Student: 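For reference, the structure I am asking about is given below.
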There are 2 protein chains.
Amino acid sequence: MQKKRVTLADVARLAGLSSTAASMILTGKPDTRLSADAHAKVHAAAASLGYRPNVAARALRTDKSRSFALISDYVATTRFASGLIRGALAAAEEAKHVMLVLETGGEPARELQAVEAALDRQVDGLIFAAMRAREVFVPNISANLPVVMLNGTSARFPAAVLPDEYEGGRTAVRLLASTGITSSIVLLGHNPDDEKGLFRSESIARRIAGIRDEMAARGLAFDAELSCWNWEPTHGYDLTKAYLAHGKPQAILCLNDRLAFGAYQALGEARLDIPGDVSLVSFDNDELASYLRPGLTTIGLPHEAMGRRAVEMLLGRQKAGEALIVMPSVIRGSLRMPDATP
Amino acid sequence: MQKKRVTLADVARLAGLSSTAASMILTGKPDTRLSADAHAKVHAAAASLGYRPNVAARALRTDKSRSFALISDYVATTRFASGLIRGALAAAEEAKHVMLVLETGGEPARELQAVEAALDRQVDGLIFAAMRAREVFVPNISANLPVVMLNGTSARFPAAVLPDEYEGGRTAVRLLASTGITSSIVLLGHNPDDEKGLFRSESIARRIAGIRDEMAARGLAFDAELSCWNWEPTHGYDLTKAYLAHGKPQAILCLNDRLAFGAYQALGEARLDIPGDVSLVSFDNDELASYLRPGLTTIGLPHEAMGRRAVEMLLGRQKAGEALIVMPSVIRGSLRMPDATP
DNA sequence: ATCCCCTGCTAAAACCATTTAGCAAATGCC
DNA sequence: GGCATTTGCTAAATGGTTTTAGCAGGGGAT
């Protein structure tokens, strides 16, 4: 009952040629000397039989499998991962590759297992995605397989795709400056004095550096810098509420959208209007940035573009170097228009 | 320089046995008659060489690849997909399988390509995940491969994993009833008169049926039923605001968390206290439900459990039947405590 | 002693595509 | 016409595993 898979030999037989010929023609070898007639016959036969090459057999012979593995610490940390995966899948699909997705929870033992599982399947390249961008532990890879780090870095594997956080930080300040506000500006999420000796991640360090450099370049200074370790809405709320007890900000630069969300809540309770009384700008372009009223202007993390770029690096055999992906400005209603107040 | 992969023949040679023996021992065939001594020698040799079987070669021979494919329409619709993927990955990992993830955007041409790509790789099972749960188009699968629908249904493939929406709907009403509120209850997101002839999805239909049955069973009725097609925050906001112009609700039953989010915004602007003035309950357990103040009580979508269950069905060769996964009640602060008002 | 069965193992085929080496015929060159 | 080269194609080896068929030797039954 079960139709047997059609094999290359079947195609060759139908075309009246050897399987060598069929193989060469179908894989599109450039230097072959087979006749145009042979090409036509083989292609016709393959089409009429609905031939699909057996990937396992091909992989066995060539050690290539037209597949990549994406090994990430967390897939679930949703706001982060799925854009990366989406972009990577799309780029892989365009190159007629397939993506194995593996999750490790950041545990070295599972990382090792994941790498071995991928290697066993003869993947043509490995992407290590880190949801929290920092130096990532990566097990030894025996083969000289292309590896790219996605949203993280590793001393051992110099190819990396990262958001251009430094430029993003500068852009956020530029956006804020475009409102004309020059004083009572609050930074929400970081205070260097409170965080001495702590290290968040390279990405965040660059984001903050960009902010500070652009502030300095414009002769601007923060009225306050409010620190908290986890950038969750509740901390944004608490810090903003506490600040409002003493001062009234004109602008708040939030280090991520969840902090900004908390700030919205506190400002709303204090009956302050956004952007009439207070302007906000933030980072990440989280889903919730579009849900807020008014919409939150934010510097987006270009996840999908990053995912795409990672597989492009794999395909292009670019072995080293950092690819910095530009962070888009997502303009919504949380910044006062410059002409609105003279 | 390049170490060659160690092969089964190497193991056999080191153990002083044939590769047949090595194969049988390492794959753990039950009916073999090889001596305990042989077993020990082969295992020792394999361990000392760090032998890992070549999956391609094995797949070629056996037509099994220890891998599944998860084909979804959208991965990016984040609030939905990543829990499914996470659960599926975890369950696959436990069974020492690997997961190919493919995205189709719901386009039939890409679905077909995805299925073929998966079939070419000799996957041992297919999961079709639908982000919007409805009848799903699925290309013809030639082989008799196990297929399970995840968060969707298909006439052709009767094995499906779905959230138990009916029971979830009833639970939401029970939770609401536990506050003691019996009047001025608003349903946000559906009105049968406004949606005649429209069909959202089977899942949502069950959710609504559960709500209505439990309401009826308790002799409760909605004061108003507000309809909108897309369940986005902005619609929740608009509908709630419009309703507040006429009436004052005691409770709002929201059909998802994003609608509830919009309702929060409108209630906040109207200076109504949650849960003092208005109680809310909702569905999905979106990330943002925990960000709201007070936290939103919601009936969660059990994505991770669903993903796990799908691969368990694949592994167990359960060929048919609907697995209904219970939706957890996530209790936060948006419901008035029953003793708070006598 | 003969026959049969069981134990413990192995040779070789099979899976399917790619690739190397090479063969026969046709063509080019002087 | 004689020789070298090119053209157009194929036989056979290869990759690593599983599996079928079967071999050699020992022991028990007759």
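In this text, all values refer to a predicted model and were calculated from it rather than measured experimentally. The figures that follow rest on heavy atoms only: side chains count, while hydrogens, waters and symmetry mates do not. Lettering follows sequence order; numbering is per chain, from 1.
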Student: With 3.5 Å as the limit, what N/O pairs link the protein to nucleotides 22-28 of chain D?
Tutor:
none

Student: Describe the nucleic acid contact of A/Ala56 in one word from base, sugar-phosphate, nothing, applying a heavy-atom distance below 4.0 Å.
Tutor: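 No contact.
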Student: Taking the minimum atom-to-atom distance to the side chain of A/Leu8, which one of D/dC9, D/dT19, C/dA17 wins?
Tutor: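 Ranking D/dC9, D/dT19, C/dA17 by closest atom to the A/Leu8 side chain puts C/dA17 first.
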Student: Which nucleotide in the set D/dC9, C/dC16, D/dT17 lies at the smallest distance from any side-chain heavy atom of A/Asn54?
Tutor: C/dC16
Student: With a 3.5 Å cut-off and just heavy-atom distances, do the side chain of A/Thr20 and the base of D/dA11 make a donor-acceptor pair?
Tutor: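 Counting by modelled atom types and ignoring angles, a donor-acceptor contact under 3.5 Å is found here.
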Student: Separation of B/Ile25 atom CD1 from D/dT17 atom C1', in whole Å?
Tutor: 15 Å
Student: Going by the rule salt bridge (charged side-chain N to carboxylate O under 4.0 Å, His left out), which residues pair with B/Asp164 if we only count those two or more places apart in sequence or in a different chain?
Tutor: none
Student: Just by distance, no angles: are the side chains of B/Ser65 and B/Ser67 close enough, under 3.5 Å, to form a donor-acceptor pair?
Tutor: yes
Student: Tell me, do B/Ile325 and B/Leu162 make a side-chain contact under 4.5 Å, heavy atoms counted?
Tutor: no
Student: Which is more 5' along DNA chain C, the nucleotide nearest A/Ala22 or the one nearest B/Asp37? Just name the residue.
Tutor: B/Asp37
Student: In whole angstrom, what separates A/Leu26's CG from D/dC9's C1'?
Tutor: 16 Å
Student: Using atom CD of B/Gln122 as one end and atom C1' of C/dC15 as the other, report the distance to the nearest whole Å.
Tutor: 10 Å
Student: Is any side-chain heavy atom of A/Leu102 less than 4.5 Å from a side-chain heavy atom of B/Met99?
Tutor: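 They are not in contact (no side-chain heavy atoms under 4.5 Å apart), so the answer is no.
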Student: Under 4.0 angstrom, heavy atoms only, what part of the nucleic acid is B/Ser35 near: base, sugar-phosphate, or nothing?
Tutor: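 Touches sugar-phosphate only.
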Student: Name the closest nucleotide to the B/Leu60 side chain, picking from D/dT17, C/dC15, C/dA17.
Tutor: C/dC15
Student: Can you sort out the partners of A/Arg110 under salt bridge (charged side-chain N to carboxylate O under 4.0 Å, His left out), two or more places apart, ordered by chain and number?
Tutor: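 If we apply the salt bridge (charged side-chain N to carboxylate O under 4.0 Å, His left out) test to A/Arg110, skipping adjacent residues, the hits are A/Glu107, B/Glu93.
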Student: Does the base of C/dA17 carry an N or O that pairs as donor and acceptor with the side chain of A/Thr27 under 3.5 Å?
Tutor: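 By the distance-only test, no, there is no pair.
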Student: Is any side-chain nitrogen or oxygen of B/Thr7 closer than 4.0 Å to OP1 or OP2 of D/dT17?
Tutor: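 Affirmative; the distance criterion is met.
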Student: Measure from the side-chain N and O atoms of A/Ser19 to the backbone N and O of A/Ala22, and report whether any donor-acceptor pair falls under 3.5 Å.
Tutor: no
Student: Using whole Å, report how far CE of B/Met24 lies from C1' of C/dC9.
Tutor: 9 Å
Student: Could I get the full list of salt bridge (charged side-chain N to carboxylate O under 4.0 Å, His left out) partners for A/Arg66, not counting sequence neighbours?
Tutor: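 Residues passing salt bridge (charged side-chain N to carboxylate O under 4.0 Å, His left out) with A/Arg66: none at all.
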Student: For the pair made of CZ in A/Arg5 and C1' in C/dC16, what is the distance, rounded to whole Å?
Tutor: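 Computing the A/Arg5:CZ to C/dC16:C1' distance gives 10 Å.
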Student: Does A/Ala38 reach a base, just sugar-phosphate, or nothing at all? Heavy atoms under 4.0 Å.
Tutor: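 The residue A/Ala38 makes sugar-phosphate contact but no base contact.
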Student: Less than 3.5 Å between a donor and an acceptor, one on the side chain of A/Arg61 and one on the base of D/dT14, is that the case here?
Tutor: yes
Student: Can you check the A/Asp63 CG to D/dG16 P distance for me, whole Å?
Tutor: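 My rounded result for the distance is 8 Å.
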Student: Check each residue of residues 42-49 of chain B for a non-hydrogen atom within less than 4.0 Å of any atom in DNA chain C, then write out the ones that pass by number, or none.
Tutor: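 When residues 42-49 of chain B is checked for heavy atoms under 4.0 Å from DNA chain C, there are no hits whatsoever.
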Student: State which of D/dT19, D/dT17, C/dC16 makes the closest approach to the side chain of B/Pro53.
Tutor: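 Selected nucleotide (nearest to the side chain): D/dT17.
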Student: Below 4.0 angstrom from OP1 or OP2 of D/dT10, is there any side-chain N or O of A/Ser18?
Tutor: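 Looking at the OP1 and OP2 atoms of D/dT10, one of them is under 4.0 Å from a side-chain N or O of A/Ser18.
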Student: Sorted by first residue and then second, give each ring pair (Phe, Tyr, Trp, His ring centres under 6.0 Å) pair with at least one member in residues 9-28 of chain B; sequence neighbours left out.
Tutor: none
Student: May I have the step-by-step check of salt bridge (Lys or Arg N to Asp or Glu O under 4.0 Å) for A/Arg206 and A/Glu322, ending in yes or no?
Tutor: CA-CA 14 Å; A/Arg206 293 183 192 178; A/Glu322 273 185 7; 3.2 Å; yes
Student: Looking at B/Arg5 and B/Arg52, would you say the former's side chain and the latter's main chain have a donor-acceptor pair under 3.5 Å?
Tutor: yes
Student: Let me know the distance between CG of B/Leu34 and C1' of C/dT7, rounded to the nearest Å.
Tutor: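 To the nearest whole Å, that distance equals 10 Å.
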Student: Does a nitrogen or oxygen in the side chain of A/Tyr51 sit under 4.0 Å from OP1 or OP2 of C/dC16?
Tutor: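 Checking C/dC16 against A/Tyr51, no side-chain N or O comes under 4.0 Å of OP1 or OP2.
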Student: Under 3.5 Å, is there a donor-acceptor pair between the side chain of B/Asn151 and the main chain of B/Ala130?
Tutor: yes
Student: DNA chain D: B/Thr62 or A/Ala36, which has the more 5' nearest nucleotide?
Tutor: A/Ala36
Student: Starting from P on C/dG8, measure out to CG on B/Leu17 and report it in whole angstrom.
Tutor: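 Atom-to-atom, B/Leu17 to C/dG8, this comes out as 13 Å.
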